[in-house]
Number of protein chains: 2
Amino acid sequence: MDKKAKVLEAALKLFVEFGFHNTPTSKIAKEAGISSGTLFYFFPTKDELVVALYLDIKGKLGCEITESISQATSFKEILKKYYTTTLDWAKEHIAEFKFMEQFNSSPYLKKIAEDEIQKYVKPLKELLQNAIDEGVLKNMDLEILFTLISGHTFSINQYLIISEPQESKREQIISETFDLLWQMISKI
Amino acid sequence: MDKKAKVLEAALKLFVEFGFHNTPTSKIAKEAGISSGTLFYFFPTKDELVVALYLDIKGKLGCEITESISQATSFKEILKKYYTTTLDWAKEHIAEFKFMEQFNSSPYLKKIAEDEIQKYVKPLKELLQNAIDEGVLKNMDLEILFTLISGHTFSINQYLIISEPQESKREQIISETFDLLWQMISKI
DNA sequence: CATATAACTGACTAATCAGTCAGCAAAAGT
DNA sequence: ACTTTTGCTGACTGATTAGTCAGTTATATG
């Protein structure tokens, strides 16, 4: 019934398959089972639809992570939760992840306000700063630390999506690569 | 004089600024200072132009790395050369890197044959396998190892491009993050 | 029940785009 | 000197596209 959600769903599917270009609004409307006019009733321009889809997905992932982190106690546990939750979410939402990847490395990214982006990374950065101050992590530049963790997570995610290991193997890879990450950033 | 090169140059500039879409062939031709017909004389379709640009850039980076690696002796030295050369090249060719990033996470990637991609990563993978066999690196899955190294390099590169540190600071970051990478993958 | 507002339609359009083509200019070949 | 090939032109076109709008249906409100 919620046609706005239907549009986002259809747009996601088509954008991932064909790219932002090669996905006319007419096809999105058709895929969503609505008229072209309705699409523009909800999203005044195609650009706004693309950005809205990005923020929608980013928000959902953000919620998932925030929730899963809340249950952890030690910093190492929190970070591992962050790591596994991100990878699990990506596995269950491959299209969403591919879309975010495409969006992140496109000129569309510039259309989003800086604080809109920071909103989702700020909590993690604060946790990292605390861990540095408490001597849990190596004393390094916060931005570099954040970059290393995101980069590691992102690349292992790519690997898991491409190689599609069996569940037991997958868990082993996640656990081992987390240990490698932890070894790299933790104090001795 | 070489109009084909002029087209690639103009396309690179515009693709990075506006994306593949929002960059009509007419504007590429104008930017290159040639007629629309000439563009299609060299590149029968827009898609072929995009792919040709990608392979052109990939080739140039590949040459640079191969050359710089040839001077190194120990494996650690080779890997450091690979790391620094990639980061230095990216600094001097920011547009090229942004374009490759955009291309890699777009549906265009599918249009390139698998062996065309492997051509550039095969030499490094062989070096990595040797280093594992010789006990220099931890005994882990080659693909995961490769993923970790590329991911690390890529993310630090992103950081360096965004934060634009001074040359001395930059060298320090590169050296320190390489040590972190080495610590993560080397045996003890 | 009447009225107002919100959700929705789909034919339409102005603009844009990738790609064509007939032909010109210059170099290369014979 | 003549012919052929290659490089190059730019006006043109058919197809496609984002976005509009006049009007319809559903829902809420008084």
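FYI, side chains are in, hydrogens and waters are out, and symmetry mates aren't considered; it's all heavy atoms of this structure. Quick caveat, the model's predicted, so the values are computed rather than measured. Below, chain A is the first sequence line, B the second, and so on; all start at residue 1.
- The CZ-P distance, from A:Phe40 to C:dA7, rounds to 18 Å in whole Å.
- Straight-line distance from the CZ atom of B:Phe43 to the C1' atom of C:dT20: 18 Å, rounded to whole Å.
- The interatomic distance linking A:Leu49 (CG) with D:dT17 (P) rounds to 15 Å, in whole Å.
- Distance NZ (A:Lys4) to P (C:dA6): 14 Å, rounded to an integer number of Å.
- Look at CG on B:Asn22: it is 15 Å from C1' on D:dT16, rounded to the nearest Å.
- The local environment of NZ in B:Lys80 is crowded, with over 12 non-hydrogen atoms from other residues, nucleotides or ligands closer than 6.0 Å.
- Of the candidates C:dA18, C:dC8, D:dT9, C:dC8 carries the atom nearest the A:Lys3 side chain, counting heavy atoms from C-beta on.
- One can place CZ of B:Phe18 at 16 Å from C1' of C:dT16, the figure rounded to the nearest angstrom.
- Here D:dA18 is the nucleotide among D:dT9, C:dG19, D:dA18 with the atom lying nearest to any side-chain atom of A:Lys46.
- Each of C:dC8, D:dT9, D:dA18 was ranked by its minimum atom distance to the side chain of B:Ile34; first place goes to D:dT9.
- To the nearest angstrom, P of D:dC8 lies 12 Å from NZ of B:Lys6.
- Pairs passing the side chain to side chain donor-acceptor pair (under 3.5 Å) check and including a residue from residues 47-62 of chain B, sequence neighbours excluded, read B:Thr45-B:Glu48, B:Asp47-B:Tyr108, B:Asp47-B:Lys111, B:Tyr54-B:Lys58, B:Tyr54-B:Asn104, B:Asp56-B:Lys60.
- Considering only the side chain of A:Phe42, C:dC8 comes nearest among D:dG7, D:dA18, C:dC8.
- Of the candidate nucleotides D:dA18, D:dG19, C:dG10, C:dG10 has the atom nearest to the side chain of A:Ser35.
- Closest to the side chain of B:Ser36, from the set D:dA11, C:dA18, D:dC8, is D:dA11.
- Side-chain contact check for B:Gln102 and A:Gln102: no donor-acceptor pair (N or O, by modelled atom type) lies under 3.5 Å.
- Ion pair B:Lys169/A:Asp141 not flagged as a salt bridge, since none of the NZ, NE, NH1 or NH2 atoms sits closer than 4.0 Å to an Asp/Glu carboxylate oxygen.
- Looking at the side chain of A:Tyr41, the nearest of the listed nucleotides C:dA7, C:dT20, D:dG19 is C:dA7.
- Side-chain atoms of B:Thr38 lie closest to D:dC8 of the nucleotides C:dC17, D:dA18, D:dC8.
- Other residues, nucleotides and ligands contribute more than 12 heavy atoms inside 6.0 Å of the CD atom of A:Gln118.
- If you measure from atom CZ of B:Phe20 to atom P of C:dT16, you get 23 Å, rounded to the nearest angstrom.
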